[in-house]
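The first residue of the sequence shown is numbered 1, and numbering continues consecutively from there. In this text, all values refer to a predicted model and were calculated from it rather than measured experimentally.
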Amino acid sequence: MKALIAAILLVASSIAVAAPTGASSGTASINDVTLAGQKANNFVWSTGNAQSGPNGDSSLFSSSFGGGTWNLLGKVDSTGALSGSTNSVLGSNVTLSFSLASGSKSGTWTITSSKSLQMDLVLGIHAGNATGSFLFDNLVLNAGQTRSGTFAINWNNNGGQVPGFSNVTLFTSNASLRSVAPVPEPSTYAMLLAGLAMVGWLAWRRRSQFAASVPAAAA
């Protein structure tokens with residue numbers, strides 16, 4: 001009898017050890033997505049897919065990131081390729097690229113804007129039936145400048161394992177165009193230097209005339 005009870009307890013123990021762990025945020029944090037060397041400003045994990053629906057599902061993060069209106073920027077599929085085209089932001093064309101590392105649990109990404117913008121940007125990374133949403137608050141993109149970043153998945157699926165990349169959806173909010181002073185043309189610099197040279201020559205000429213007139217006045 002004791003041997004039977006011990007055998008039952010051993011089997012139960014082995015089953016308990018083998019039981020899968022439920023989905024959770026694991027060790028995911030703002031450190032998991034960077035852009036131009038800067039980590040995300042905020043992070044929230046939730047079950048669901050931010051890519052759901054024609055305009056994406058911003059409800060997975062909007063209340064955590066202060067609400068407001070979030071507009072779909074673009075959708076990226078499981079291979080890292082853009083699905084369709086990105087939506088323009090205040091007339092600016094935004095280019096995105098994603099590259100997956102081996103194992104599809106991390107990678108790199110870039111973003112380029114044709115105009116100078118300031119906006120809030122969210123990357124909703126979907127993996128294992130959950131989405132990790134990463135916020136870049138007041139992100140500044142200069143016209144024609146490409147910014148590069150990294151991303152990693154560190155939450156757990158229903159089996160307690162880190163899932164592979166499924167897709168990513170990007171959203172924008174509070175966008176505004178930035179006024180950037182134009183860079184002077186080379187001819188402008190030449191005119192400026194010529195003007196400075198003329199001012200210097202006139203100052204030297206006046207000092208020379210004054211110095212020459214002092215002995216004559218004393219005599």
Side-chain angles (χ1 to χ4, degrees), residues 25 28-46 48-77 80-100 106-127 131-154 165 167-186 188-189:
S25 59
S29 71
I30 58 175
N31 301 309
D32 297 337
V33 176
T34 68
L35 183 62
Q38 300 297 315
K39 61 187 178 183
N41 298 107
N42 206 344
F43 163 76
V44 63
W45 178 90
S46 56
N49 186 355
Q51 201 159 108
S52 299
N55 298 314
D57 185 5
S58 61
S59 67
L60 298 178
F61 59 82
S62 58
S63 60
S64 299
F65 295 164
T69 301
W70 290 93
N71 302 305
L72 176 67
L73 177 60
K75 296 180 177 181
V76 175
D77 65 21
L82 192 65
S83 299
S85 58
T86 57
N87 294 319
S88 63
V89 180
L90 299 179
S92 177
N93 297 320
V94 179
T95 305
L96 302 167
S97 72
F98 281 79
S99 178
L100 299 175
S106 62
T108 59
W109 65 291
T110 68
I111 182 170
T112 309
S113 174
S114 64
K115 297 182 179 180
S116 294
L117 292 173
Q118 179 171 317
M119 61 186 178
D120 299 334
L121 177 71
V122 166
L123 279 76
I125 301 175
H126 181 237
T131 296
S133 299
F134 299 84
L135 168 67
F136 287 89
D137 194 26
N138 295 321
L139 173 66
V140 173
L141 297 174
N142 293 324
Q145 178 187 36
T146 297
R147 291 204 168 193
S148 303
T150 62
F151 66 90
I153 299 167
N154 284 312
F165 176 89
N167 60 61
V168 61
T169 312
L170 294 95
F171 301 85
T172 64
S173 184
N174 301 318
S176 61
L177 293 173
R178 286 171 53 86
S179 298
V180 179
V183 177
E185 296 291 334
T188 304
Y189 283 118

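To the nearest 0.5 Å, atom OG of residue Ser133 and atom CZ of residue Phe43 are 8.0 Å apart. With rounding to the nearest 0.5 angstrom, the CG atom of Leu96 is 10.5 Å from the OG atom of Ser113. Atom OG of Ser29 is separated from atom CG of Asn154 by 7.5 Å, given to the nearest 0.5 angstrom. Note that CG of Leu73 and CG of Leu121 are 6.5 Å apart. Values are rounded to the nearest 0.5 Å. To the nearest 0.5 Å, the span separating CD on Gln51 from CG on Asn167 amounts to 3.5 Å. Separation of atoms CD1 (Ile30) and CD (Gln38) is listed at 11.0 Å; rounding is to 0.5 Å.
Asn55 pairs by the side-chain contact (heavy atoms from CB on, under 4.5 Å) definition with nothing, not counting sequence neighbours. In terms of the side-chain contact (heavy atoms from CB on, under 4.5 Å) criterion, residue partners of Ser88 (sequence neighbours excluded) are, by chain and number, Asn93. Partners of Gln145 by side-chain contact (heavy atoms from CB on, under 4.5 Å), not counting sequence neighbours, listed by chain and number: Asn142, Arg147. The side-chain hydrogen bond (donor to acceptor under 3.5 Å, both in side chains) search around Asn174 returns Asp120, not counting sequence neighbours. Leu72 meets the side-chain contact (heavy atoms from CB on, under 4.5 Å) test with Lys75, Asn87, Thr169, Phe171; sequence neighbours excluded.
Nearest approach of Ala143 to Ser116, heavy atoms of both residues: N-OG, 3.0 Å. Nearest heavy-atom pair across Phe165 and Ala127 is CA-CB, 4.3 Å.
The backbone N or O of Thr34 sits less than 3.5 Å from a side-chain atom of Trp109, completing a donor-acceptor pair. A donor-acceptor distance shorter than 3.5 angstrom exists from the side chain of Thr131 to the backbone of Ala50, with no hydrogens or angles considered.
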Do Thr112 and Thr95 pass the side-chain hydrogen bond (donor to acceptor under 3.5 Å, both in side chains) test, and can you show the C-alpha distance, the side-chain angles, and the key distance before you say yes or no? CA-CA 5 Å; Thr112 309; Thr95 305; 5.5 Å; no
When you look at Leu170 and Phe98, which way does the side-chain contact (heavy atoms from CB on, under 4.5 Å) test go after all the steps? CA-CA 12 Å; Leu170 294 95; Phe98 281 79; 4.0 Å; yes
Going through the distances and angles, do Lys39 and Val33 end up as a side-chain contact (heavy atoms from CB on, under 4.5 Å)? CA-CA 6 Å; Lys39 61 187 178 183; Val33 176; over 6 Å; no
side-chain contact (heavy atoms from CB on, under 4.5 Å) for Leu139 and Leu35? Distances and angles first, verdict last. CA-CA 10 Å; Leu139 173 66; Leu35 183 62; 3.7 Å; yes
Start with the C-alpha gap between Phe134 and Asp32, add the side-chain angles, then the distance that decides, and say whether side-chain contact (heavy atoms from CB on, under 4.5 Å) holds. CA-CA 9 Å; Phe134 299 84; Asp32 297 337; 3.9 Å; yes
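A 4.5 Å side-chain heavy-atom check between Leu177 and Gln118 finds every atom pair outside the cut-off. For the pair Leu117/Val89, a side-chain contact is recorded, criterion being any heavy-atom separation below 4.5 Å from C-beta on. Residues Ile153 and Ile125 meet the side-chain proximity criterion, which asks for heavy atoms closer than 4.5 Å. When side chains are defined from C-beta on, Ile111 does not count as touching Thr146, because their heavy atoms never get closer than 4.5 Å.
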List the atom pairs, with distances to 0.1 Å, where a side-chain N or O of residues 58-68 and a protein N or O form a donor-acceptor pair under 3.5 Å, not counting sequence neighbours.
{"unit_1": "Ser59", "atom_1": "OG", "unit_2": "Asp57", "atom_2": "OD1", "d": "2.4"}
{"unit_1": "Ser59", "atom_1": "OG", "unit_2": "Asp57", "atom_2": "OD2", "d": "3.4"}
{"unit_1": "Ser62", "atom_1": "OG", "unit_2": "Ser58", "atom_2": "O", "d": "3.3"}

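Remark: the Thr110 side chain and the Ser97 side chain contain an N/O donor-acceptor pair separated by less than 3.5 Å. In summary, the side chains of Thr150 and Thr108 do not present any donor paired with an acceptor at a separation below 3.5 Å, with no hydrogens or angles considered.
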